Amino acid sequence: MKNLLPPLEWGRKFFIFYFLFFISYFLFLTFAGMNVTQSAIQMLQQQRLLLQLEYETEREAYRQQTETIGIGRKVKRGDAWWPLRFSKSYYNSLNQLAVEVVRTADTDIEHNFEFGRPVAFFVCDGEGGNIRYFRFTGTVSYVDGDRMVVTVPDRAPLADLQGSANVGVQLSFDETSYRLMLEALDRVIRGKGRLGYLRDLFSTPAMKPETFTFQPMHFPYLNTTQEQAVNEVLRAKDVAVVHGPPGTGKTTTLVEAIRETLMRESQVMVCAQSNMAVDWISEKLVDRGINVLRLGNPTRVNDKMLSFTYERRFEAHPDYPQLWALRKAIRELRAHRGRSSSDAWHQKLEHLKSRATELEIRINAELFGEARVIASTLVGAANRLLDGQRFGTLFIDEAAQALEPACWIPLRRVSRVVLAGDHCQLPPTVKSIAALKAGLGRTLMERIAETHPEAVTLLRVQYRMNDDIMRFSSNYFYHGLVQSAPEVRFRGILDLDTPMQWIDTGSLLKEEFVGESYGRINKAEAELTLQELQHYFERIGKQRLLDERIDVGIISPYRAQVQLLRRMLLKQAYFKPFRRLISVNTVDGFQGQERDVIVISLVRSNDEGQIGFLRDLRRMNVAITRARMKVIILGDRRTLTSHPFYRQLWKYITQLKHNDDEDTTDDGADNRADDDESHGTAV
């Protein structure tokens, strides 16, 4: 039997072994951590290069548009108002010089002006005349119909502007958003602490998001997957993703998750890519009795929306009249400044400025202290009012529509993030084809969903669509996991009606290209679209349409076709009683909305089988799933079915029609789908 080592020898070797093991393990973790960090940083550096490419592409496109596209084209694209009328100018509650303008022509054109967008004023003698720009840039404060308020620099030549004839305003290139996104990427690339941890976590499958452990809470007004999503949000220490397909109650779930989070935290931040999305979630939170402070003005201007904006709350504060008087005194003192100002003048000015600053800080402290939710767009989260503010949780709604660099703007202020959206619907807008192909369009939500699928909860019950409409979307985009709630499964307008219909317009109705970088139209298809809608209205009956307020959305992926359909709709006397029930817009314009009936004009019809950006199938998913009870698609089957998605859609609708025919008897009932028209065949 071998002798044992003396106790001291054993102890020394034991200590050396574990010391070396510990050092090796520590070095492994260190180098692994360095590799993780380097990988995450390299990914963000690539995003920065792609964002810079997108910036250069958009700036060049704006330069070319400004130099080559006439004023008439800009107006028709919704990028300019001309001519316009000046209403008044004043200093707003935030002490910004504001000018109010009114659009006087082409008031039926859907415009692209919204809060926060930069604009430039110009003078143009006629559609073919030269354009002279004023040398300052303004910012849209808010838009209400044909009325817009623009904030301008204090030294802007308002007298020259308001005294000129044929003045217009157009969207300017948005340098600010790109600058803020690039700064956010630089900050996270250098990030340490919590920001650096989240950066590494989002890019590394080996790092797992941490969670709390507790028994699931029960919410009787939510379905099973909505309840699961709220519980997963509450458990998450780092990140949670709520994946909400169309009609599954994503907003309802998110509002409940925010409400429950506020039971544990004093304040949260809520952001979204667009002002409209911020308005929507803010309004739902206010309806639940939550105190929301909305930074930036809402898209839909009404008393309810304005009541929770920062500007309106600021004006309503009891100390505001005193602050306004101080600011007025400062402006008057500056206006009457002599060539050589005395020490007394400087002392008085500094005293007034000091009192005004003290009062403004006090008002802001009270407004932010009272609010439970701070709401803004992602870019708006860079607002100076938020300097120094920290939040426990950030909620990003419609996260699948936001560029990743934009998401990092508010992420620096928080400890954890909850993303909600659907990456099978509208993607972010990327204008550079090269940047898009290289990955700029891949969102932070998509990346987290792929890297950490355990952080994702899919909402699986939809409450909007007839089951036949929903099923194609569910099978193609969501692996068949989305089901219809029983109360909507068989919803419809007419008895024995097929919920989805494709009118094959045939190859005779050719598309046309309207002007450089303007868009495509199909005049004959537009006429057929309104004919089919009229026929469907006649089957329903005028009185029922008006009594039940059956609403209709006419969608086309092409803006030019949308403009054409709007003009044609206004000219047709038949639709005059129903105009309030019918809206015409692009797919993007219908995001987040729903209608009883959706009519889709696909436009493309050519011998080459080219379908352009109809290849972005997420837009078709949005278009189809806006409908509650009926979808009518108009398009050239031969052109469109060259793509496998549209081929599957055609087969699905054909099978639906075949099944319905088998389930009904030939009782002489009107069935439009069996009628072969000279201009197309209905399926």
Side-chain angles (χ1 to χ4, degrees), residues 468-469 471-473 475-477 497-515 518-536 553-565 568 584 586-587 590 597-627 630-661 671-683:
D468 287 338
I469 299 172
R471 203 180 318 127
F472 179 80
S473 173
N475 291 341
Y476 197 93
F477 294 98
D497 191 18
T498 306
M500 296 187 76
Q501 184 179 2
W502 184 326
I503 309 295
D504 179 12
T505 58
S507 57
L508 297 177
L509 310 186
K510 292 294 186 184
E511 64 185 76
E512 302 174 44
F513 191 66
V514 185
Y518 183 32
R520 296 176 189 272
I521 64 170
N522 191 322
K523 291 180 181 177
E525 185 175 290
E527 292 173 0
L528 181 58
T529 299
L530 297 185
Q531 288 173 21
E532 291 296 332
L533 181 59
Q534 179 176 337
H535 180 80
Y536 196 66
I554 303 177
I555 300 178
S556 178
Y558 292 92
R559 182 183 294 272
Q561 185 81 344
V562 167
Q563 303 284 10
L564 175 62
L565 283 163
M568 292 173 63
V584 187
T586 59
V587 181
F590 272 101
V597 180
I598 288 292
V599 184
I600 306 172
S601 171
L602 294 177
V603 175
R604 300 307 297 260
S605 178
N606 54 72
D607 296 331
E608 296 78 26
Q610 297 295 322
I611 63 171
F613 75 95
L614 292 186
R615 293 178 181 275
D616 189 344
L617 308 180
R618 291 172 292 185
R619 281 189 154 78
M620 275 306 294
N621 187 31
V622 172
I624 292 170
T625 57
R626 300 309 92 195
K630 178 76 172 182
V631 175
I632 302 173
I633 299 171
L634 292 99
D636 177 7
R637 176 176 64 89
R638 191 167 62 87
T639 298
L640 292 161
T641 56
S642 61
H643 189 284
F645 170 84
Y646 295 95
R647 190 158 56 248
Q648 286 191 40
L649 180 59
W650 171 268
K651 289 179 180 178
Y652 177 81
I653 295 174
T654 303
Q655 187 60 44
L656 279 183
K657 175 65 175 62
H658 177 70
N659 293 342
D660 286 347
D661 286 345
N671 190 339
R672 178 66 168 177
D674 290 336
D675 294 338
D676 287 337
E677 300 293 329
S678 59
H679 49 242
T681 304
V683 171

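Quick caveat: nothing in here was measured; it's all calculated off a predicted structure. All heavy atoms count here, side chains included; hydrogens, waters and symmetry mates do not.
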Exercise. Heavy-atom distance under 4.5 Å between the side chains of Met500 and Leu649, does that happen here?
Worked result: yes

Correct closest heavy-atom pair for Ala623 and Ile598 would be O-CG2, 3.6 Å

Run Thr625 and Ile469 through side chain to side chain contact (heavy atoms under 4.5 Å, CB included) and show every step you take. CA-CA 7 Å; Thr625 57; Ile469 299 172; 5.6 Å; no

side-chain hydrogen bond (donor to acceptor under 3.5 Å, both in side chains) test vs Arg604 passes for just one of Gln610, Glu525, Glu511, namely Glu511

- Distance-only, no hydrogens or angles: does the Asp468 side chain make a donor-acceptor pair with backbone N or O of Pro499 under 3.5 Å? no

Step by step, work out the ring pair (Phe, Tyr, Trp, His ring centres under 6.0 Å) result for Phe472 and Phe477. CA-CA 8 Å; Phe472 179 80; Phe477 294 98; 7.3 Å; no

Notebook entry, point to check: Counting distance only, does the side-chain N/O of Gln501 pair as donor-acceptor with the main-chain N or O of Ile633 below 3.5 Å?
Noted result: no

Note: Ser601 and Pro557 closest approach over all heavy atoms is O-CD, 3.3 Å

Tightest non-hydrogen contact, residues Phe590 and Val584, listed as CE1-C, 4.3 Å

Donor-acceptor contact below 3.5 Å, side chain Ser642 vs main chain Gly609
yes

Could you walk me through whether Glu527 and Met568 pass side chain to side chain contact (heavy atoms under 4.5 Å, CB included), step by step?
CA-CA 8 Å; Glu527 292 173 0; Met568 292 173 63; 3.3 Å; yes

So CG of Asn606 and CZ of Phe513: to nearest 0.5 Å the spacing works out to 13.0 Å

May I ask you to decide if Thr498's main-chain N or O and Lys630's side chain share a donor-acceptor pair within less than 3.5 Å?
yes

Is the shortest heavy-atom distance from the side chain of Ile555 to the side chain of Val622 under 4.5 Å? no

All heavy atoms of Val603 vs all of Ile521, minimum pair found to be CG1-C, 3.9 Å

Side chain proximity check, Gln531 to His535, heavy atoms < 4.5 angstrom: no

Open item on the list: Are His643 and Leu614 packed together at the side-chain level, in the sense that at least one heavy-atom pair is separated by less than 4.5 angstrom?
Closed with: no

Output for pair (Phe645 CZ, Met620 CE), nearest 0.5 Å, gives 5.5 Å

Rounding to 0.5 Å, atoms OG (Ser556) and CD1 (Ile600) come to a distance of 9.5 Å

Ring centres under 6.0 angstrom apart (Tyr646, Tyr652): no

Please check: side-chain N/O of Thr505 versus main-chain N/O of Leu634, any donor-acceptor pairing under 3.5 Å? no

field: Salt bridge present between Asp607 and Lys510 (N-O < 4.0 angstrom)
entry: yes

Discussion item. Donor-acceptor pair, distance only, cut-off 3.5 Å: does the side chain of Trp502 make one with the backbone of Gly635?
Written reply: yes

Taking the side chain as every heavy atom from C-beta outward, state whether Thr586 and Tyr558 have any pair of such atoms under 4.5 Å apart.
no

query: Is the shortest heavy-atom distance from the side chain of Lys523 to the side chain of Glu512 under 4.5 Å?
result: yes

With no hydrogens and no angle check, is any side-chain donor or acceptor of Arg615 less than 3.5 Å from a backbone partner on Ile611? no

#### Entry: Donor-acceptor pair, side chain of Thr639 and main chain of Asp636, under 3.5 angstrom
no

- request: Check step by step if side chain to side chain contact (heavy atoms under 4.5 Å, CB included) holds for Ile503 and Leu528.
  value: CA-CA 9 Å; Ile503 309 295; Leu528 181 58; 4.1 Å; yes

